[in-house]
Amino acid sequence: MKIPRGRFPLSIMVIVICALAFTGLIFTEELRKISEEKEKQSNKARYIKEDKIYFNPKQCRIEKGKWIFNSSSMLYYTDMNCPYVDIQVACLRNGRPDRDYLFWEWQLDDCILPEFNAIVLLEKLRGKRLMFVGDSLQRGQWQSLVCMVECHIPFEKKSMNRTTTLSIFKAMEYNASIEFYWAPFLVQSNSDTKIISDVSKRILRVDSISKHGQHWIGVDILVFNTYVWWMSGYKIKSLWGSFTNGEEGYEEFDAIIAYRIGLKTWANWIDSNLNQTNTRIFFTTASPTHMRSSDWNRKHGIRCYNETKPVRKRGYWGSGSDKRIMEVISSIVERMKVPITFINITQLSDYRKDGHTSVYTETEGIVFTEEQKADPQNYADCIHWCLPGVPDTWNKIFYAYL
């Protein structure tokens, strides 16, 4: 049969119409699904916003939260690829066999911490000096932050200069520096230049700080910390006046009393010298130790040795965190003229009995032997933290404040 030109048979038209109708139904169904998914996402977003607020320093309590394990999280660096990690805290490099401690993330109960962004941080530091001041734990926080940003800077546009007292990492393109100044007591002591390992022979000048303070003037952001050096168990030997007259005539104070005197000296110096400046000042609270496994009900454990998971009990507070110290610094800071922002890392770190260097560390620059590693009673270091590790979280919180 000859089909008239310009016309289609009725059967073909029916098929075409049915096909178009079917396609329309499918398309409509897809639109419905997309609309439902968008609504779910919108509801989820509304739920998140209602349930948690984005980070606000005045409203968010850093200590209120929990550690969440996230094996898929990306590390900012490793102790293999960051050249600035000291051998003392390079746990993987020193043979630590487990890796779960790398993947715990601190999740706040009521707030959302912003994601750490190295480039954003470097922009905030453009033309500025950031200095961490304190002991080896504060040095660990400094190394952590340097490692979190350095891989984003071309080799020829960064530099590191390390000395016993002052170490400076420079990001040349940003005209920025991230520095560390060694002052374990903040006030002056006979361990400021050469560390005296015998704690009973350490002597402080609890009323003197200007020797250190001269290095803090002109710094844009200062982050202070001092805790563990005061907690040796010995009375603190304290001098009034200068070391030029020798180390005789010292007095002995209980640690809490000496700490109060020393921190008042620090506070008075800050108020007298930085009151008219734009310097932002932070104080990192006590970094807890984990020397007694009985604290977390492991009666036959050896300090933090072989610990691979955080304490799960909410509100856990071990013997390695002295609340009296925190009360001292809090009472002094609230009377200061210059505003101080606390980076409250004590509670969240107290859960992390698994984060210490333990036997995966060194002595005098030499990694522990297998024989030493097999003797945790004498060699486990449950004071310092592995890098990468817990100090990275401290810096994520610090970043949120900035």
Pi-cation contact, [Y] with [X] (under 6.0 Å, within 45°):
X	Y	result
Arg352	Trp67	yes
Arg280	Tyr401	no
Lys313	Trp296	no

Distance SG-SG for Cys82, Cys151 less than 2.5 Å: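 No, the SG atoms are not under 2.5 Å apart.
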
Any chance [atom1] of [X] has more than 12 other-residue heavy atoms, nucleotides or ligands included, within less than 6.0 Å?
X	atom1	result
Glu371	CD	no
Asn56	CG	yes
Phe69	CZ	yes
Phe342	CZ	yes
Lys64	NZ	no
Arg99	CZ	no
Arg292	CZ	no

Restricting to non-hydrogen atoms, name the atom on [X] and the atom on [Y] that form the minimum distance, rounded to 0.1 Å.
X	Y	result
Glu150	Pro83	OE2-CD, 3.9 Å
Ile87	Val367	CD1-CG2, 3.3 Å
Asn344	Glu63	ND2-OE1, 3.7 Å
Asp109	Gly65	OD1-CA, 3.4 Å

CA sep, side-chain torsions, deciding dist, call: Tyr399, Asn117, side chain to side chain donor-acceptor pair (under 3.5 Å): CA-CA 9 Å; Tyr399 170 78; Asn117 187 309; 5.3 Å; no

Measure the shortest side-chain to side-chain distance between [X] and [Y] over non-hydrogen atoms and say whether it is less than 4.5 angstrom.
X	Y	answer
Arg61	Asp110	no
Trp317	Pro288	no
Leu402	Ile221	yes
Ile168	Phe180	no
Ile195	Trp229	yes
Ile281	Pro339	no
Thr308	Asn306	no
Phe116	Leu145	yes

Trp266: which of Tyr259, Trp216, Phe224, Phe185 passes ring-ring contact (aromatic ring centres under 6.0 Å, His included): Phe224

Side chains of [X] and [Y]: is there a donor and an acceptor less than 3.5 Å apart?
X	Y	value
Ser177	Glu179	yes
Glu251	Trp240	yes
Glu362	Asn94	no
Thr346	Thr285	yes
Thr163	Trp182	no
Thr226	Trp230	yes
Thr279	Thr277	yes
Ser136	His384	yes
Ser144	Asp392	yes
Asp375	Asn378	yes
Asp322	Tyr227	no
Ser208	Gln188	yes
Thr265	Asn268	no

Less than 6.0 angstrom separating the ring centers of [X] and [Y], yes or no?
X	Y	value
Tyr84	Phe169	yes
Tyr360	Phe368	no
Phe132	Tyr181	no

Candidate pair Ser319 and Asp295, rule side chain to side chain donor-acceptor pair (under 3.5 Å), full reasoning: CA-CA 7 Å; Ser319 59; Asp295 284 353; 2.6 Å; yes

Arg162/Asp86 salt bridge by N-O under 4.0 Å criterion: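 Answer for the salt bridge query: yes.
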
Side chain to side chain contact (heavy atoms under 4.5 Å, CB included) assessment of Ile345 paired with Thr393: CA-CA 9 Å; Ile345 57 97; Thr393 297; over 6 Å; no

From OG (Ser73) to CD (Glu105), nearest 0.5 Å: 4.5 Å

Aromatic plane relationship, His290 with Tyr316 - under 30° parallel, 30 to 60° tilted, over 60° perpendicular: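 It falls in the parallel class, under 30°.
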
